[in-house]
There are 2 protein chains.
Amino acid sequence: MMDSDERYMREALREAQAAGAEDEVPIGAVVVCRGRIIARGHNMTERLHDPTAHAEMIALTAATEALAGKYLDECTLYVTVEPCPMCAAALCWAQLGRLVWAAPDPRRGYSRFSPSLLHPRTEVASGLLAEECGTLVSDYFKSKR
Amino acid sequence: MMDSDERYMREALREAQAAGAEDEVPIGAVVVCRGRIIARGHNMTERLHDPTAHAEMIALTAATEALAGKYLDECTLYVTVEPCPMCAAALCWAQLGRLVWAAPDPRRGYSRFSPSLLHPRTEVASGLLAEECGTLVSDYFKSKR
């Protein structure tokens, strides 16, 4: 982990909290390129009626828009929960440089399906702020029961 | 296969040809609900600089928009090439009722990774108009060499 990782993961956590405030599953993401946040996203599946509107997909699309190119090989994506297979495979198409995720998703995390869903050149780090990020989601689901 | 399947796959093929005319990898999709095409999409990754802008993702998002709900359990999606893992997992989130794909993708097709990327209740049929749909893509790549 790098010194700046926690700072950026806290930004992703802020995005997750914004999702929670909108009564969405509280997951957030930011994309960093050369020391600058170029894109942010949080889960909007309910508001948009769109099951693909995950934090990572929104941040990825905003990042490629910001760079006017479809590859994110010089970028790091921070996300508060382990990506699902859809998001992992999307990050593969973008040839993401580095992925940092916080809390594991034992039910729908990509690593349960196949770690090779990511691009072979994508570096992966996990577990940073895992408890804080994971508790936000588990509290959300508890409140729904 | 049902009688109407070939008709709808020909509509997906028309979408694929539209993608080809825009110098995109020629893949197309349509979503049918209760005998009506409710959404169409073709690959737009180059034009949008967005690696997630696959035919299926565009058609899926347009379909959930049309239905104002995030589930496609009463819909069939027709696509000219086997979906990639991103699209398969997206269709899983949408709980797609039925998937019909034409040409296999031996390199990036979801079935090479894990057939369980799709929803367990999604019916799958494949091979319809496979040659026509597959040739369109292979001719495109030949023209790029």
**Prompt:** Of the backbone (N, CA, C, O) and the side chain (C-beta and beyond), which part of A:Cys87 lies under 4.5 Å from a heavy atom of chain B, both, or neither?
**Reply:** neither

**Message:** With a 4.5 angstrom heavy-atom cut-off, is it the side chain or the backbone of A:Leu60 that approaches chain B, or both, or neither?
**Reply:** side chain

Same cluster (ILVMFWY, side-chain, under 4.5 Å), [X] and [Y]:
| X | Y | value |
| --- | --- | --- |
| B:Leu13 | B:Met9 | no |
| B:Met57 | B:Val79 | no |
| A:Ile27 | A:Phe141 | yes |
| A:Leu118 | A:Leu77 | yes |
| B:Leu129 | B:Leu136 | no |

Heavy-atom donor-acceptor pairs under 3.5 Å, chain A with chain B:
{"residue": "A:Glu46", "atom": "OE2", "partner": "B:Lys70", "partner atom": "NZ", "Å": "2.6"}
{"residue": "A:His49", "atom": "O", "partner": "B:Thr64", "partner atom": "OG1", "Å": "3.1"}
{"residue": "A:Asp50", "atom": "OD2", "partner": "B:Thr61", "partner atom": "OG1", "Å": "3.3"}
{"residue": "A:Thr61", "atom": "OG1", "partner": "B:Asp50", "partner atom": "OD2", "Å": "3.3"}
{"residue": "A:Thr64", "atom": "OG1", "partner": "B:His49", "partner atom": "O", "Å": "3.1"}
{"residue": "A:Lys70", "atom": "NZ", "partner": "B:Glu46", "partner atom": "OE2", "Å": "2.6"}

**Asked** Transitive ILVMFWY cluster of A:Met44 at side-chain heavy atoms under 4.5 Å: who else is in it?
**Response** A:Leu48, A:Ile58

**Item:** Atom pair CE (B:Met86) and CG (A:Leu91), whose distance is rounded to the nearest 0.5 Å
**Value:** 10.0 Å

**Choice from A:Ala63, A:Ala94, A:Ala68, A:Cys92 maximising heavy atom contacts with chain B below 4.5 Å** = A:Ala68

